[in-house]
Amino acid sequence: MSKLTLSAIATITALAFSAGAHAEKIAIIGGTVHTMTAQGTIEDATVLIEDGKISKVIAQEVSTDASYRVIDAKGKVITPGFIGAYTSLGLVEVPSWAGTNDSSVGKSDLHAALDATAAVNPDTTLRNISRIEGITSAATSIGYSDTIYKGRGAIITLGDDVDPVMKKRAFMSIDLSNSGADVSGGSRAALWLDIRNALNEAIYAQSITFTPQTEWHGTLSKANVQALIPVIKGEMPLLVKVHRASDIRRVIKLTKNFKRLNVTLVGASEAWRVADEVAAAGMSVILNPESNLPYTFEQNGATLANAARLNDAGVNVAIGMSTHNIRLAPQHAGNAVANGLPWQAGLASLTTAPAKIYGIDNRVGSIKAGMQADVVIWSGDPLEVMQAPTNVIINGEEVPLESRQTKLRDRYLKIDNEKPQQYTRP
Amino acid sequence: MKTLNKALFTGLSLVAAATLVGCGGSEAKKAQAPFVEINKDPYPSTYKALPSVATLITNANVYDGIGGFFENTSVLLADGKIKAIGNSIKAADDVKVVDGKGKWITPGIIDVHSHLGVYATPDTGSHSDGNEMVKPVTAAVWAEHSILVQDPGFRRALAGGVTSMQILPGSGNLIGGRGVTVKNLPNRVIQDMKFPDAPYGLKMACGENPKRVYGKKGGPMTRMGNVAGYRQAWADAENYQRSWDKYKADYEAGKDAKAPKRDLNLDTLAGVLRGDILVHMHCYRADDMGTMIDVMKEFNYQIASFQHAVESYKIADKLAENNICSAMWADWWGFKMEAYDGIRENIPMVANAKACAIVHSDSDQGIQRLNQEAAKALSDGQRAGIDFSKADAWTWLTANPAKSLGIFEQTGSIEVGKNADVVMWSSEPFSTYSQAEMVFIDGGVAFDRNKPETWAVSDYELGQVAEGDHK
């Protein structure tokens with residue numbers, strides 16, 4: 001060490017904050033591994049992790065050399081890290097009346113062009129709170145705007161990285177449900193013309209090289225129309241919030257006119273009524289399987305059987321629509337299973353299904369050689385409410401099972417009657 | 001009702017006595033006007049149990065809701081009551097036998113914090129009837145006068161094993177109004193749902209909500225303003241109560257006393273001071289709860305429960321000392337500053353301090369899965385070294401809420417003589433996959449998962465998409 005130059009020390013320090021910890025080699029031995037690949041589920045398997053990646057999955061217990069740190073997973077369940085399918089993680093600490101909330105955009109000239117990436121806070125308290133319960137990455141989106149557009153969302157890791165963005169401008173999110181109609185003059189009669197017009201303008205705009213001097217007479221601003229170009233090319237997934245069966249049919253019709261759109265339905269309470277059409281259109285669905293009440297007239301068909309019926313029809317179903325409690329996605333999936341979704345599809349809804357939607361399935365969502373090492377070891381069935389992670393590995397690094405919440409718990413597990421509790425350092 | 005009859009009888013006797021004096025006396029004494037008594041139950045329950053047949057559930061596993069667990073046990077429901085528990089119950093020929101092998105039986109879940117009906121689905125402005133946010137103290141309003149009994153949420157809650165609930169006004173006001181405890185058996189009018197003889201609750205709210213609502217319209221705009229508001233309300237209620245006490249004393253002394261003017265706000269608040277109405281107080285922060293304990297002592301009333309009490313774990317010992325229940329979520333947190341310190345071990349930490357812990361929902365979704373909320377709290381506690389049994393944890397769902405609502409003599413546990421408010425679960429109810437298979441309310445089958453013809457359908461849902469579907 002004494003021979004290292006200052007610049008070398010700086011390099012090492014930088015590594016320690018980013019990729020340095022990835023150097024650790026980990027062997028997870030024993031346990032039931034749900035690979036979410038063609039390999040299926042393997043009992044008593046070994047998962048080797050090296051340099052932030054999964055290096056090998058071996059269908060038996062093996063002994064490793066001393067270079068590996070061994071985690072004994074006998075009797076436990078191993079899954080890929082869960083992906084928050086639709087969240088505002090990193091954009092908000094406290095939504096109500098507590099200062100800046102980057103997941104909410106009021107008066108702004110930007111709509112399609114909004115960019116969540118710029119707002120993501122790697123130090124959000126929600127990161128540790130979510131990841132210690134098995135969520136290792138997430139799609140994050142603006143949650144509210146006063147137009148139908150929520151702009152461009154990002155994919156983030158919940159690891160310790162300084163820059164948590166795994167994929168910037170990863171998807172476009174729009175609202176074509178009642179709430180979208182409400183901000184479009186209060187009627188679908190306006191909403192649908194607006195969205196068709198916007199997509200048409202994007203088609204015209206794709207051949208233009210925009211400068212501040214470019215003449216442009218579209219109704220969308222230059223920034224907004226440019227943001228839609230990758231969408232109409234099918235390069236950027238388009239997430240469409242929608243509930244009513246007839247609206248879902250209209251979205252499908254939209255994709256007949258704009259053939260390259262890569263659409264995923266969000267919410268989709270009545271999607272089960274048009275399940276075959278959704279499947280035929282190759283659309284995925286992100287839903288909350290517990291939503292079974294007619295919150296609005298467009299959700300009269302809401303049922304706990306939505307996820308199961310869509311899955312039966314062959315639709316790729318992702319579960320996990322929340323921010324502060326995205327950690328409850330496994331419980332939501334469990335309830336979908338209780339209402340008819342096969343268990344494997346329940347697990348897929350938290351892993352491969354969202355990975356596929358965002359085109360990151362070559363990186364996360366399954367356990368196989370070459371994938372980013374996001375691996376969670378569970379005390380038992382992860383969809384069971386009484387089970388929990390015992391180890392969480394993100395980018396090949398085991399993260400401590402600590403959060404602001406566990407520290408509050410530990411401070412107050414024993415009340416100190418001698419001195420103020422603030423002197424108790426958990 | 002009992003109080004009312006007694007009061008009327010007393011009033012009539014006094015009138016009669018005065019009349020006699022007037023007729024028989026030698027001096028012409030001015031007759032007293034009829035004694036004015038406030039009717040405490042002007043909107044009486046008209047609840048009627050479902051038709052039922054005597055039912056014996058055999059060989060089930062039973063959590064009795066007061067900490068007991070019994071394997072291979074049978075439970076006999078007859079005449080709306082729990083008639084027998086044990087493994088050698090002889091059933092008469094006309095008793096329907098349900099095979100409970102592999103199933104679990106528990107008391108029906110009781111949610112102490114629901115807004116079903118007052119914020120009914122569909123969630124339209126037309127149905128927003130839960131928060132009378134026109135002034136900070138609206139003790140005069142009663143939730144039962146807002147409830148849409150056709151809210152589809154009631155049947156969803158039933159499918160989650162909820163047999164009773166308290167429906168409260170919202171939390172925009174310092175004092176939001178009266179809550180009402182109902183049986184989860186919606187009928188044509190709200191009186192049909194009212195839990196017979198259940199005391200009224202009074203909804204109060206600490207902290208952020210009243211500040212936010214009234215900060216720009218006359219106040220309170222701070223927590224200290226909130227507390228001044230509660231104190232003035234209680235002081236007014238004391239004054240009101242004194243004026244009625246004086247009227248009564250004067251009347252009984254034969255004076256020509258004039259009854260005070262009725263004030264509906266103060267009627268309710270005086271009811272709390274008399275101990276007739278139970279205070280259920282929305283408070284998140286430990287320091288807010290500490291302050292409210294002092295207000296309670298200053299005006300000599302009892303807080304039955306703090307609701308949403310996300311920081312109860314910080315003062316669980318003080319809550320136990322003051323005999324105040326905490327109604328809590330398993331894991332909600334962070335949606336506003338006063339919810340920022342929520343932790344997953346709150347419920348078991350409160351129970352561990354020997355304070356009364358309750359799992360509540362405040363949600364048309366959460367109310368459908370309160371068993372899972374208790375399961376999460378139990379396991380979170382276990383991982384932190386707080387080792388309650390599942391049977392203990394079930395008390396958070398039934399006995400404790402029943403006690404805080406003043407209905408534990410009737411329901412909240414599987415004990416002989418209690419109302420037959422009972423759930424048969426498909427499997428161990430601490431599992432995500434377990435579902436309420438049969439729900440009995442007063443011995444009647446209110447829900448049978450295997451018989452779609454037993455699924456209640458609200459008027460709203462008739463003729464709509466997916467009417468009578470799996471929900």
Side-chain angles (χ1 to χ4, degrees), chain A residues 92-99 125-126 129 133 244-245 270 272-273 288 290-297 299-305 323-325 327-328 330-331 333-335 337-340 343 379 381 383-388 403-413 415 417 421, chain B residues 121-124 151-153 156 159 208 211-212 311 313-317 330-337 339-346 349 352-353 364-365 368-369 371-373 375-376 378-380 382-386 426 430-435 460-461 464-467 469-471:
Chain A
V92 55
E93 296 298 316
V94 172
S96 167
W97 216 38
T125 46
L126 281 72
I129 285 167
E133 307 209 37
R244 205 161 80 177
E270 291 194 349
W272 63 271
R273 295 179 63 212
N288 175 356
E290 296 181 350
S291 188
N292 65 341
L293 282 161
Y295 291 111
T296 55
F297 280 87
Q299 297 175 71
N300 281 336
T303 163
L304 292 170
T323 298
H324 282 73
N325 265 343
R327 60 188 180 175
L328 301 186
Q331 183 188 1
N335 279 290
V337 170
N339 287 281
W343 188 91
S379 57
D381 176 354
L383 309 190
E384 274 283 14
V385 278
M386 289 192 67
Q387 304 300 333
S403 71
R404 196 175 161 276
Q405 293 189 354
T406 66
K407 290 194 163 206
L408 279 163
R409 173 196 69 199
D410 293 344
R411 166 171 278 175
Y412 285 98
L413 271 174
I415 303 287
N417 285 311
Q421 207 72 19
Chain B
T121 46
D123 196 6
T124 65
D151 184 347
R156 310 290 195 276
E208 274 190 49
K211 266 167 48 114
R212 198 172 59 225
E311 289 191 10
Y313 68 94
K314 296 184 181 178
I315 51 160
D317 52 343
D331 44 28
W332 287 24
W333 76 283
F335 41 91
K336 51 182 170 175
M337 281 312 292
Y340 191 53
D341 282 7
I343 66 169
R344 296 190 58 147
E345 295 79 5
N346 194 17
M349 282 170 74
N352 202 37
D364 50 23
Q365 283 291 322
Q368 302 182 40
R369 281 169 286 278
N371 58 314
Q372 294 176 26
E373 301 305 292
K376 287 186 285 186
L378 172 64
S379 65
D380 290 324
Q382 287 171 340
R383 281 187 287 277
I386 303 171
S426 59
F430 289 84
S431 163
T432 319
Y433 309 125
S434 181
Q435 292 184 311
Y460 173 74
E461 296 176 286
Q464 302 274 25
V465 165
E467 169 191 334
D469 190 15
H470 175 102
K471 299 288 187 181

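Here is the naming used below: chain letters follow the sequence lines, and residue numbers restart at 1 for every chain.
The two residues A:I415 and B:Y313 come nearest to each other via the heavy atoms CD1-O, 4.2 Å. Here the closest heavy-atom approach between residue A:F297 and residue B:P122 is recorded as CE1-CG, 4.3 Å. For the residue pair B:Y433 and A:V337, the shortest heavy atom distance occurs at CE2-CG1, 3.7 Å. B:A384 and A:R409 make their closest contact through CB-CD, 3.8 Å (heavy atoms, listed as atom of the first residue, atom of the second, distance). Residues B:T121 and A:P294 come closest through the heavy atom pair CB-O, 3.6 Å. Contact detail for B:A466 and A:G301: the closest heavy-atom pair is CB-CA, 3.9 Å.
Residue contact with chain B, scored on non-hydrogen atoms closer than 4.5 Å, is absent for A:D410. No part of A:A245 comes within reach of chain B, as not one of its non-hydrogen atoms sits under 4.5 angstrom from that chain. With a 4.5 Å cut-off on non-hydrogen atoms, A:R404 touches chain B through its side chain but not through its backbone. Using a 4.5 Å cut-off between heavy atoms, B:D331 contacts chain A through both its backbone and its side chain. For a residue to count as touching a neighbouring chain, one of its non-hydrogen atoms must lie under 4.5 Å from one of that chain's; by this rule B:D341 touches chain A with backbone and side chain alike. Both the backbone and the side chain of B:R212 come within less than 4.5 Å of a heavy atom in chain A. In this structure, chain B has heavy atoms under 4.5 Å from both the backbone and the side chain of A:L383.
Per-residue counts of heavy-atom pairs under 4.5 Å with chain B were compared for A:V94, A:V92, A:N292; the largest is that of A:N292. Ranked by heavy-atom pairs shorter than 4.5 Å toward chain A, the options B:Q435, B:R383, B:E461, B:R369 are led by B:R369. By number of non-hydrogen pairs under 4.5 angstrom with chain A, the leading residue of B:F430, B:W333, B:W332 is B:W333. Options B:E373, B:M349, B:H470 differ in how many heavy-atom pairs under 4.5 Å they form with chain A, and the most are formed by B:H470.
To the nearest 0.5 Å, atom CH2 of residue A:W97 and atom NZ of residue B:K336 are 10.0 Å apart. For the atom pair A:L304 CG and B:Q368 CD, the distance stands at 6.0 Å (nearest 0.5 Å). Rounded to the nearest 0.5 Å, atoms CD (B:E345) and OH (A:Y412) are 14.5 Å apart. Rounding to the nearest 0.5 Å gives a distance of 9.0 Å between OG1 of B:T432 and CD of A:Q387. Within the model, atoms CD1 of B:I343 and CG of A:L408 stand 6.5 Å from one another, a figure rounded to the nearest 0.5 Å.
Not one N or O on the side chain of A:N300 forms a donor-acceptor pair closer than 3.5 Å with the backbone of B:V465. No side-chain donor-acceptor contact under 3.5 Å links B:R156 to the backbone of A:L293.
Taking B:Q372 as the reference, A:Q331, A:N335 meet the side chain to side chain donor-acceptor pair (under 3.5 Å) condition, with sequence neighbours excluded. Shown here are the side chain to side chain donor-acceptor pair (under 3.5 Å) partners of B:T124, two or more places apart in sequence or in another chain: there are none.
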- Message: If you apply the rule side-chain hydrogen bond (donor to acceptor under 3.5 Å, both in side chains), what do you find for B:S431 with A:E384, and how did you get there?
- Response: CA-CA 6 Å; B:S431 163; A:E384 274 283 14; 2.7 Å; yes
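By the 4.0 Å N-to-carboxylate-O rule, B:R344 lies close enough to A:E133 to be salt-bridged with it.
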